[in-house]
Amino acid sequence: MTEQNHKSIEQAKAEGKYIRTVKSFVKREGRLTKGQQAALDTHWPAMGLEHKDGMINFSELFGNDNPVVLEVGFGMGASLVEMAKNAPDKNFVGIEVHLPGVGACLSAAHEAEVANLKVFEHDAVEILRDCIADQSLDTVQLFFPDPWHKKRHHKRRIVQPDFVENLRCKLKIGGVFHMATDWENYAEHMMEVMNNAPSFTNIAGDINSEENKSSVYVERPEHRPLTKFEQRGHRLGHGVWDIMFKRVD
């Protein structure tokens with residue numbers, strides 16, 4: 001979204017006009033379990049972040065200058081909590097729009113005694129725009145986003161040129177955008193968008209094995225946990241594609 005378009009949308013909203021924007025997600029709240037509600041009630045004050053509070057100073061938020069990893073759409077949060085637990089030398093911020101997933105993540109983080117994780121329950125596009133300072137992120141993660149597999153819905157896919165440009169601004173030079181999907185068509189779409197994005201380079205050639213040097217995809221890195229969903233997919237013969245691009249300027 002251009003600055004001019006952003007201003008016009010904000011102005012229209014201020015005037016009480018309805019502006020329809022394309023969303024990459026559909027709210028499917030479901031019902032909170034008692035455990036999820038209890039986790040929200042108990043742990044949100046310590047771990048929750050609010051969009052209305054505006055721009056974040058990560059050094060003040062976490063009390064250190066460790067690298068910051070931002071995950072967009074963490075689902076129920078199991079893999080995000082595992083990553084945070086396994087990397088205490090990094091700070092993690094998760095964004096999720098579905099409240100039951102946020103509750104589950106808070107519960108798991110408390111049980112795992114994770115202290116380096118904060119979460120938003122909000123639209124990721126607005127969080128990136130309003131709460132994340134430029135060149136403040138070391139890594140952005142987007143794992144198994146909604147594939148919107150019907151062609152007429154492809155415009156809803158979150159990986160689009162405007163979204164990637166927003167991410168580029170938020171990443172430090174040398175920062176990495178790491179995507180994963182189990183839909184080959186979406187992987188191809190991600191690759192097309194990233195190959196056309198300025199200031200990014202595909203790091204597959206740097207880390208793939210000699211036998212697979214020509215691949216544009218990377219093997220799942222050890223720091224990305226293998227989810228139960230993925231394990232089931234592997235048993236059924238489904239593929240998973242990991243894509244990693246680095247900001248170079």
Side-chain angles (χ1 to χ4, degrees), residues 24-25 67-80 82-84 86-87 90 92 94-96 124 128 137-151 153-249:
S24 64
F25 60 88
V68 178
V69 180
L70 177 77
E71 180 161 341
V72 175
F74 57 75
M76 302 303 280
S79 63
L80 178 58
E82 185 174 345
M83 282 185 283
N86 291 339
K90 296 180 180 179
F92 290 79
I95 308 174
E96 179 56 60
L128 286 166
L137 302 175
D138 293 83
T139 304
V140 175
Q141 300 177 164
L142 179 71
F143 299 150
F144 306 103
D146 193 325
W148 294 104
H149 55 278
K150 294 181 180 178
K151 191 170 183 179
H153 290 154
H154 284 185
K155 63 185 178 183
R156 293 182 177 273
R157 290 174 168 177
I158 192 170
V159 180
Q160 303 290 354
D162 284 353
F163 178 75
V164 171
E165 174 59 19
N166 289 338
L167 288 187
R168 184 193 68 81
C169 295
K170 306 307 176 181
L171 281 167
K172 296 177 180 178
I173 305 298
V176 173
F177 181 26
H178 181 188
M179 296 155 277
T181 180
D182 60 334
W183 283 78
E184 186 172 14
N185 175 264
Y186 200 179
E188 293 168 350
H189 170 89
M190 290 172 169
M191 192 63 66
E192 180 181 359
V193 170
M194 294 306 301
N195 281 334
N196 287 301
S199 304
F200 279 100
T201 184
N202 190 345
I203 67 174
D206 297 330
I207 64 176
N208 278 334
S209 65
E210 289 297 328
E211 300 81 29
N212 199 27
K213 202 76 172 179
S214 62
S215 176
V216 294
Y217 303 105
V218 301
E219 296 294 327
R220 177 183 64 84
E222 290 186 1
H223 66 259
R224 183 174 78 75
L226 188 65
T227 66
K228 292 180 180 178
F229 173 80
E230 247 182 299
Q231 291 172 343
R232 178 178 179 274
H234 285 320
R235 289 195 299 269
L236 296 173
H238 298 171
V240 172
W241 293 265
D242 278 78
I243 301 168
M244 299 178 75
F245 273 73
K246 178 173 63 175
R247 181 184 175 183
V248 292
D249 60 46

Set of ring-ring contact (aromatic ring centres under 6.0 Å, His included) partners for [X], sequence neighbours left out:
{"X": "His238", "answer": "none"}
{"X": "His189", "answer": "Tyr186"}
{"X": "His154", "answer": "none"}

Using distance only, find each side-chain donor-acceptor pair of residues 70-77 under 3.5 Å and give its atom names and separation, not counting sequence neighbours.
unit_1: Glu71; atom_1: OE1; unit_2: Gln141; atom_2: NE2; d: 2.9

>> If we check side-chain contact (heavy atoms from CB on, under 4.5 Å) with Leu171, which of these qualifies: Leu137, Asp138, Val176?
In response: Leu137

> Which residues satisfy the side-chain hydrogen bond (donor to acceptor under 3.5 Å, both in side chains) test with Glu184, sequence neighbours excluded?
Replying inline: none

>> Checking Lys170 now: which residues fulfil side-chain hydrogen bond (donor to acceptor under 3.5 Å, both in side chains) with it, not counting sequence neighbours?
In response: Asp134

Got a second to check how far [X]'s [atom1] is from [Y]'s [atom2], nearest 0.5 Å?
{"X": "Thr227", "Y": "Phe144", "atom1": "OG1", "atom2": "CZ", "value": "5.0 Å"}
{"X": "Thr139", "Y": "Met244", "atom1": "OG1", "atom2": "CE", "value": "7.0 Å"}
{"X": "Leu167", "Y": "Asp162", "atom1": "CG", "atom2": "CG", "value": "11.0 Å"}

> Okay, side chain of Arg247, backbone of Lys172: is any donor-acceptor separation there less than 3.5 Å?
Replying inline: no

>> So does Val216 get a backbone contact from the side chain of Asn202, meaning a donor-acceptor N/O pair under 3.5 Å?
In response: yes

>> Which heavy atom of Pro225 sits nearest to which heavy atom of Ser79, and what is that distance?
In response: CG-O, 3.8 Å

> Do you know which two heavy atoms are closest between Trp183 and Pro147, and how far apart they sit?
Replying inline: NE1-CG, 3.2 Å

Those residues that, when tested against [X], pass side-chain contact (heavy atoms from CB on, under 4.5 Å) (two or more places apart):
{"X": "Glu222", "value": "none"}
{"X": "Asn86", "value": "Glu82"}
{"X": "Asp242", "value": "His178, Ala180, Val218, Arg220, Pro221, Arg224, Val240"}

> With a 4.5 Å heavy-atom cut-off, do Leu80 and Phe143 have their side chains touching?
Replying inline: no

Check residues 191-201 and write down every donor-acceptor pair under 3.5 Å in which the side-chain atom is one partner and the other belongs to a residue at least two apart or another chain.
unit_1: Asn195; atom_1: ND2; unit_2: Met191; atom_2: O; d: 3.2
unit_1: Asn196; atom_1: ND2; unit_2: Glu192; atom_2: O; d: 2.8
unit_1: Ser199; atom_1: OG; unit_2: Asp249; atom_2: OD1; d: 2.5

